[in-house]
Amino acid sequence: MSTSAPAPTAPGPLTPAVFAILLALADGEKHGYAIMLEARQHIAMGPGTLYGSIDRLLAAGLIAETGFTDDERRRYYRLSALGHQALAAEATRLAQSVKRARSKGVRILTRTPEARA
Amino acid sequence: MRTPRLRLYALALNLYPTAFHARYADEMLNTARHEYARSPNPRRFTISLAADTLRGALREHLRAASPTRPSYVAAFALFFTCLLLTVSVVHQQFLRRSADGLPGFIAGLVSFPPMDEQSESARQRIVADDLNSPKQEISTPHWLNADNQIFTVLYDPSGRPLTGNATLHGALPQPPHGIFDVIRTRGEDKVTWQPNPGIRVALTGRPLPNGGFVLAGQSLIPSEARTARLDRILRWMWLFAMLACLALVLFTPTRKPTP
């Protein structure tokens with residue numbers, strides 16, 4: 001008889017902050033500040049939001065800690081298999097939303113908020 | 001090097017729950033230091049960092065809060081205890097006041113000023129029937145345990161018993177004289193009279209038009225027995241709830257901080 005805990009399942013729609021963090025980790029492991037720099041392209045977040053989200057993602061099993069550097073006491077994080085699955089599901093959901101928006105004649109802006117600023 | 005703003009931020013990080021602070025404070029401070037160095041507008045950066053800290057600390061405290069935390073369980077135990085005490089007191093007061101109902105009605109009927117001839121004769125007949133009914137001995141278990149068994153006794157203006165349908169140890173009941181002074185002053189008095197241990201009576205007194213007094217009473221033992229029964233149930237409920245609270249605190253695993 002198996003006594004292992006049930007496998008965690010991918011969550012439903014992600015918050016913009018969580019999506020930005022998972023997307024930042026999609027191309028490899030990063031430390032907190034690097035995640036923040038990249039996530040900022042999607043959403044502004046302070047250290048409280050960033051590390052609160054990281055803690056929740058660790059608890060949910062969507063990301064995992066890979067190591068620790070002594071120089072600046074930085075922890076590194078990577079996407080877990082479940083995190084990849086959640087990110088893919090959210091990207092698909094967003095793509096479908098964009099497709100639906102296009103079909104309804106919504107004009108997609110080509111300039112990003114950063115470009116406008 | 002830390003600026004005053006970053007020193008303040010390092011202090012503000014203590015607003016976070018201890019486990020969260022222990023794990024992330026250094027990284028958060030490091031991140032804030034990099035951000036501060038990059039920021040073109042330090043004042044704006046400080047304001048947004050303060051808002052982020054307050055929001056984040058509140059969120060993490062709410063997240064760390066669990067219904068099984070000892071402080072929540074203690075608050076529930078206190079609330080439940082107060083609730084049961086309130087139920088007990090309200091129920092006891094309700095029964096005690098209800099016990100004054102019938103004696104109050106009889107005393108009111110006897111003491112009512114003379115009315116028109118027809119009503120007055122009817123009233124006098126009722127009062128006479130009541131007073132001339134067989135005398136009840138109020139110290140007997142039979143009378144003490146009976147529901148709605150009312151006795152009525154008339155007294156002269158000095159408070160001496162004249163006639164009545166009840167006896168206490170073979171004589172007409174003689175309550176303390178203080179009760180007549182109160183009736184004379186206030187026009188009515190409702191008291192709990194305990195002539196002997198084990199005999200408790202809800203007594204209502206009113207003045208009579210001739211300067212005398214009427215007292216009517218009924219045993220409090222039945223209503224006190226009902227109060228005791230409910231209190232016994234409430235005590236068991238309280239004990240069960242307290243044991244459940246204790247078990248919740250002792251046997252519910254606490255949420256461990258992320259390693």
Side-chain angles (χ1 to χ4, degrees), chain A residues 3 5 8 11 14-18 20-21 24-25 29-80 82-83 113-114 117, chain B residues 1-2 5-6 8-66 253-259:
Chain A
T3 55
L14 306 176
T15 64
V18 166
I21 292 170
L25 292 173
E29 64 176 43
K30 289 186 178 67
H31 56 72
Y33 183 53
I35 295 172
M36 188 167 156
L37 286 178
E38 190 171 332
R40 185 173 290 151
Q41 292 171 28
H42 305 275
I43 184 170
M45 66 171 80
T49 307
L50 172 71
Y51 286 97
S53 300
I54 285 177
D55 196 49
R56 274 191 289 280
L57 290 170
L58 282 168
L62 295 182
I63 63 173
E65 195 179 318
T66 58
F68 189 86
T69 60
D70 284 338
D71 55 344
E72 285 193 285
R73 296 182 57 77
R74 281 173 168 168
R75 287 188 177 86
Y76 283 75
Y77 306 95
R78 65 167 174 79
L79 276 185
S80 66
L82 187 65
E114 286 72 29
Chain B
M1 198 178 80
R2 285 187 190 177
R5 280 186 174 95
L6 289 174
L8 197 63
Y9 182 60
L11 272 177
L13 287 174
N14 287 302
L15 293 172
Y16 280 89
T18 314
F20 190 91
H21 179 271
R23 181 172 161 82
Y24 295 111
D26 285 345
E27 281 186 90
M28 290 169 80
L29 188 60
N30 203 22
T31 302
R33 187 164 55 81
H34 284 295
E35 284 289 283
Y36 181 61
R38 280 169 50 104
S39 171
N41 186 339
R43 178 178 286 185
R44 199 168 160 187
F45 167 77
T46 307
I47 292 170
S48 73
L49 192 62
D52 177 71
T53 305
L54 290 176
R55 228 176 16 238
L58 179 67
R59 194 170 45 226
E60 292 310 319
H61 275 290
L62 288 175
R63 203 176 135 221
S66 145
T254 51
R255 180 180 174 274
K256 290 179 184 148
T258 313

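Just so it is clear, the model here is predicted, and its values are computed rather than measured. Chain naming here is simple, since letters A, B, ... match the order of the sequence lines and numbering starts at 1 in each.
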**OP:** Please list, chain by chain and in numerical order, all residues satisfying side chain to side chain donor-acceptor pair (under 3.5 Å) with B:S48, sequence neighbours excluded.
**Re:** none
Original post:
Is it the backbone or the side chain of B:Y16 that comes under 4.5 Å from a heavy atom of chain A, or both, or neither?
Top reply: side chain
Subject >> Shortest non-hydrogen contact from A:T49 toward B:R59 >> reply: CA-NH2, 3.5 Å
**OP:** Calculate, to the nearest 0.5 Å, the distance between atoms CD and CG belonging to B:E35 and A:L50 respectively.
**Re:** 9.5 Å
Subject >> A:D55 CG to B:Y24 OH distance, which is reported to the nearest 0.5 Å >> reply: 3.5 Å
**OP:** Output, in order, the C-alpha distance, side-chain angles, deciding distance and verdict of side-chain contact (heavy atoms from CB on, under 4.5 Å) for B:E27 and A:I54.
**Re:** CA-CA 12 Å; B:E27 281 186 90; A:I54 285 177; over 6 Å; no
Original post:
Run the side-chain contact (heavy atoms from CB on, under 4.5 Å) check on A:L58 and B:R23 step by step: do they pass?
Top reply: CA-CA 13 Å; A:L58 282 168; B:R23 181 172 161 82; 3.3 Å; yes
Original post:
Parallel, tilted or perpendicular: which describes the rings of A:Y33 and B:H34, with under 30° parallel and over 60° perpendicular?
Top reply: parallel
Original post:
When rounded to the nearest 0.5 angstrom, what is the spacing between CZ in A:R74 and OG1 in B:T31?
Top reply: 7.5 Å
Original post:
For A:A64, what residues pass the side chain to side chain contact (heavy atoms under 4.5 Å, CB included) criterion, not counting sequence neighbours?
Top reply: A:R78
Subject >> Partner of A:P47 by side-chain contact (heavy atoms from CB on, under 4.5 Å), out of B:L29, B:N30, B:D52 >> reply: B:D52
